[in-house]
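Residue numbers begin at 1 in each chain, while the letters A, B, ... track the order of the sequences. Values below: all heavy atoms of this structure, side chains included; hydrogens, waters and symmetry mates excluded.
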2 protein chains.
Amino acid sequence: MKHKYSVSSKDVAREAGVSQATVSYILNNARNVKIKPETRQAVLDAIKKLNYYPNQIARGMKLRKSMSVGVVTDRSVTNFYFMKVLEGMKDGFQEDNYSITLLFDKHEKIEDAEFIKYYNSNRIDGVIFVFASISDDEIEHMNSTGLPYVVVDTHPSGRNVHEICTDHLAHIQDVIGYFKSRDIKNIAYAGPMPKCRNDRRLEAFINAMVYHGFEPKDNLIIRSTADDKELPEAFKKLFENKNFKPGAIIAGSPKFGMLTVKSCLAFGMKIPGDVSIVAVGSSNIFDLVYPPLSSIDLPLYDMGLKAAQVLLNLIKGGDKGGGNGSGKAGEETMTILLPSELTLRESS
Amino acid sequence: MKHKYSVSSKDVAREAGVSQATVSYILNNARNVKIKPETRQAVLDAIKKLNYYPNQIARGMKLRKSMSVGVVTDRSVTNFYFMKVLEGMKDGFQEDNYSITLLFDKHEKIEDAEFIKYYNSNRIDGVIFVFASISDDEIEHMNSTGLPYVVVDTHPSGRNVHEICTDHLAHIQDVIGYFKSRDIKNIAYAGPMPKCRNDRRLEAFINAMVYHGFEPKDNLIIRSTADDKELPEAFKKLFENKNFKPGAIIAGSPKFGMLTVKSCLAFGMKIPGDVSIVAVGSSNIFDLVYPPLSSIDLPLYDMGLKAAQVLLNLIKGGDKGGGNGSGKAGEETMTILLPSELTLRESS
DNA sequence: GTGAAAGCGCTAACAC
DNA sequence: GTGTTAGCGCTTTCAC
C-alpha cells in the first residue's frame with residue numbers, strides 16, 4: 001500500500017476555513033505574524049482531526065535544507081565509543097528536529113566520499129566526524145566546499161577545524177602520581193601505533209613520567225598493532241626483563257587495556273597484586289572483565305551532545321550569513337575540551 | 001555561507017541545449033524512452049562541467065519517498081551487536097541509494113514513537129528494528145499504519161512480521177554434544193531473565209540437555225539480571241554446591257559470557273581446566289579477554305544485509321500495489337533464518 | 001527522440 | 001490578522 005493518503009496543510013486549511021499560509025504560520029510559530037486565538041485554535045483542531053503531519057521533505061525543499069546531518073565514522077574504531085556519542089548527539093539534535101544519517105568513511109579520493117555526495121545531493125546539511133581519522137587534505141577540501149562540519153575526537157588536532165575533544169591525557173599524570181604514591185616501580189606503557197601524526201598518548205605518558213621524576217625507559221614502552229603475533233611477543237619481552245618488572249601498566253586505548261589484562265593473566269600475574277593496570281578511554285565492558293579495569297573515561301555522551309550543538313550553530317549561522325562578514329564558514333574555529341575522569345576499578 | 005549555489009537540472013538542460021525532461025530521463029535511465037547517443041553525451045558532459053548533483057529532496061518530494069529508512073534500536077542492548085548489523089544494512093541499501101536514519105526507541109505510547117512520527121512526516125519510507133523488543137500491541141499498531149518494517153532479532157518470534165533471525169539456538173545442542181564427547185559433567189546455564197515472552201535460550205538448553213541424555217538440574221541453571229549483587233550471589237551458590245560442580249557453562253548472551261568468565265576467575269577457577277565456557281552470541285571482544293571466549297556467533301553482517309533487502313522489497317512492492325491483490329502490506333510475512341556458527345576459542 | 005507544462009507540499013514576501 | 005501567490009527542483013504525462 002502506498003503511504004496512507006497524506007493530509008496536507010491544504011486540507012487542514014480547508015478544514016479550518018483559513019489559508020495554507022495561516023497553517024504554516026501557526027506551525028512554525030512565525031514571529032512578525034499575529035494570529036487570532038480562535039483562528040489558531042481552529043487550525044489546531046483541524047490538525048488533530050485530520051491527523052496531519054507536516055511533510056518534512058516538502059519543507060526541506062522550500063527551505064533548501066534536509067534537516068538531517070551525517071555522522072561519519074570509521075568502520076573499525078567505532079564499537080567501543082560510537083553508541084554513547086550517538087546518544088548525546090541525538091539529544092542535541094532533538095529540539096531542532098534534525099535527524100541523523102549514518103555514513104561510513106571509506107573513500108579513496110575525498111571527492112568520492114559519501115558525505116560529500118550526500119551534501120551535494122542535499123541529503124545532509126552538515127557532518128560530524130566521530131573518531132574518524134581525517135587527513136589535512138580532506139580538511140582543506142571540505143573547508144573549500146562550505147560544508148559545515150565538526151570533529152569529535154579524543155585529543156585536539158590543532159588544526160583549523162571545530163573540534164570536540166577531552167582533556168583525558170592530563171589524567172595520565174594523575175594516574176602516575178597515584179602509582180607513585182603507592183610506591184609502584186617501573187611504570188610501563190602499552191598502546192597502539194598512532195594512526196597518523198605523532199603519538200600524543202605516548203608523549204603525555206613520557207611527560208607525566210618526567211614530571212613525577214621517573215625516567216621513562218624504552219623497554220617499558222610497548223607500541224604495537226593489536227596483532228595476535230606481534231603484541232604477545234612484545235609483552236613477553238616486557239615481562240621477562242627481570243630488571244624492570246613492570247609494577248603498573250598504562251594502556252593507551254580500551255582495546256589495549258583489555259589486551260594488557262589478558263596478557264598479564266596469561267603470564268600468570270596477579271592484578272593488581274603483581275601489576276596494576278589503567279586504560280585510557282571508555283568502554284561499557286570494563287566492568288565485565290576480571291578484574292574490572294580502571295580507566296580514564298571520556299565524556300562520550302557530552303561530546304556527542306556538544307558536537308550537535310556546535311554543528312547546529314554552524315548550520316544556522318552559515319545560513320544567515322554568519323557573524324563574520326565573509327561568506328566563509330568556520331572563519332574562526334573552536335576547540336572544545338570536555339573533562340574526562342578517572343574511574344578506579346579493581347585493576348589498579 | 002549558504003549551500004553553494006546549487007546547479008539544478010534546469011542549468012544542466014540549458015547548458016546541454018536540451019529540456020529538463022531529457023536530463024531527468026537520462027539520469028533515471030527511464031525505460032520507454034530512447035535518447036540519442038549524442039544527446040546523452042551532451043547532457044553527461046554538461047553534468048560533469050557544471051558539477052551537477054540531483055537534489056534528492058526535490059526528487060523525494062516528487063516521488064513521495066524520502067529515500068531513507070529508519071533503524072530503530074534500544075539504547076541499551078546495542079553495543080555488542082549493532083555496528084556489524086549496520087554495516088550489512090548499509091551495503092544492502094547502497095545500490096538503491098537509500099540512506100539510514102538512526103532512531104532510538106524510547107516511547108511511552110506507540111503513537112509517540114519516533115519512527116511513527118518520522119514516517120508520518122515522510123522522513124523515512126520504512127523501518128528496521130534491530131534487537132529492539134517490540135510488543136504485540138506495537139506490532140498491531142504498525143501493521144495498521146502501512147509502515148513497511150522488518151525485524152532483526154536472534155530467534156523467530158513466531159509473530160506476523162517479517163523477521164531476519166538465526167538458527168543459533170540449534171548450536172546449543174552441538175556445544176553440549178561437544179562437552180559430552182569430552183566427558184564433561186554438570187553442564188550449567190547462565191543467562192539473563194527474558195525481556196518478554198518465554199525464554200527460548202533456556203528452553204533450547206534444556207531440550208539439548210535432554211537430547212543428549214542429561215537431566216537438566218535446577219541448581220545448574222542461573223537466571224539473573226546482570227546486577228552487581230544478584231549475579232555474584234547466584235554464581236556463589238553454583239560453585240559452592242560440591243555435588244554438582246559445573247564442568248562447563250553455557251552463557252545465554254555475550255554479556256553473560258563475559259560475566260561468567262569474570263566470576264569463574266574471581267573464584268579462582270581455571271578456564272577451561274576446571275570449567276569450560278561458551279557464550280551464545282557475537283562480540284568483537286571475545287578475543288580480547290583471558291581466556292578468549294568461545295561463542296555461537298550470529299551472522300550479524302548478513303542479517304543487516306538481508307534485512308535491507310527485504311525492506312527494500314516491501315517498500316518497492318508496496319508502492320506498486322504489491323503482488324497480493326489487496327492494498328495491505330505484509331499480507332504474507334516471512335521469517336528468514338540465517339546460519340550462525342560455533343567459534344571455539346580457548347575457553348572451552 | 002524530445003519538450004512543455006503541471007504539480008508534489010511547503011514557506012514567505014507582499015498585498016489587503 | 002490573513003490570504004494570494006510564486007516558486008524550491010524534480011518527474012512524468014501527453015503532445016509533437
For [X], all residues meeting side chain to side chain donor-acceptor pair (under 3.5 Å), sequence neighbours excluded:
X        : result
A:Thr101 : A:Ser68
B:Tyr25  : none
B:Arg14  : B:Asp11
B:Tyr301 : B:Asp91

In degrees rounded to 10°, what angle is found between the helical axes fit to the five outermost pairs at each end of the helix from C:dG1-D:dC16 to C:dC16-D:dG1?
->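 For the helix from C:dG1-D:dC16 to C:dC16-D:dG1, the axes at opposite ends meet at about 40°.
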
Near DNA chain D, under 4.0 Å by heavy atom, which residues of residues 36-47 of chain B?
->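 Nothing qualifies; none.
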
A:Asn32 CG to C:dC14 P: how many Å, rounded?
->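 After rounding, the reported distance stands at 13 Å.
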
Interatomic distance where CZ belongs to A:Arg14 and P belongs to D:dT2 [whole Å] =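 Taking atom P of D:dT2 as the reference, CZ of A:Arg14 is at 19 Å.
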
Tell me, which pairs form a salt bridge (charged side-chain N to carboxylate O under 4.0 Å, His left out) where one or both residues lie in residues 104-113 of chain A, sequence neighbours left out?
->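 For residues 104-113 of chain A: none.
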
What salt bridge (charged side-chain N to carboxylate O under 4.0 Å, His left out) pairs are there with at least one residue in residues 94-103 of chain A, not counting sequence neighbours?
->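 The answer is A:Asp96-A:Lys316.
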
With sequence neighbours excluded, what pairs up with B:Phe115 under the ring-ring contact (aromatic ring centres under 6.0 Å, His included) test?
->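 Here the qualifying residues are B:Phe129.
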
Those residues that, when tested against A:Glu138, pass side chain to side chain contact (heavy atoms under 4.5 Å, CB included) (two or more places apart) =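 With neighbours one apart ignored, the set is A:His107, A:Ile110, A:Ile134, A:Ser135.
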
Side-chain donor-acceptor distances from residues 43-50 of chain A under 3.5 Å, at least two apart:
unit_1, atom_1, unit_2, atom_2, d
A:Asp45, OD1, A:Gln41, NE2, 3.0
A:Lys49, NZ, A:Glu15, OE2, 2.8

For nucleotides 8-16 of chain D, just jot down a letter per nucleotide in 5' to 3' order: B, S or -, based on protein non-hydrogen atoms under 4.0 Å.
-> BBBBBB---

Could you tell me whether a side-chain N or O of B:Thr73 sits under 3.5 Å from a main-chain N or O of B:Val130, the two making a donor and an acceptor?
->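 At least one qualifying donor-acceptor pair exists.
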
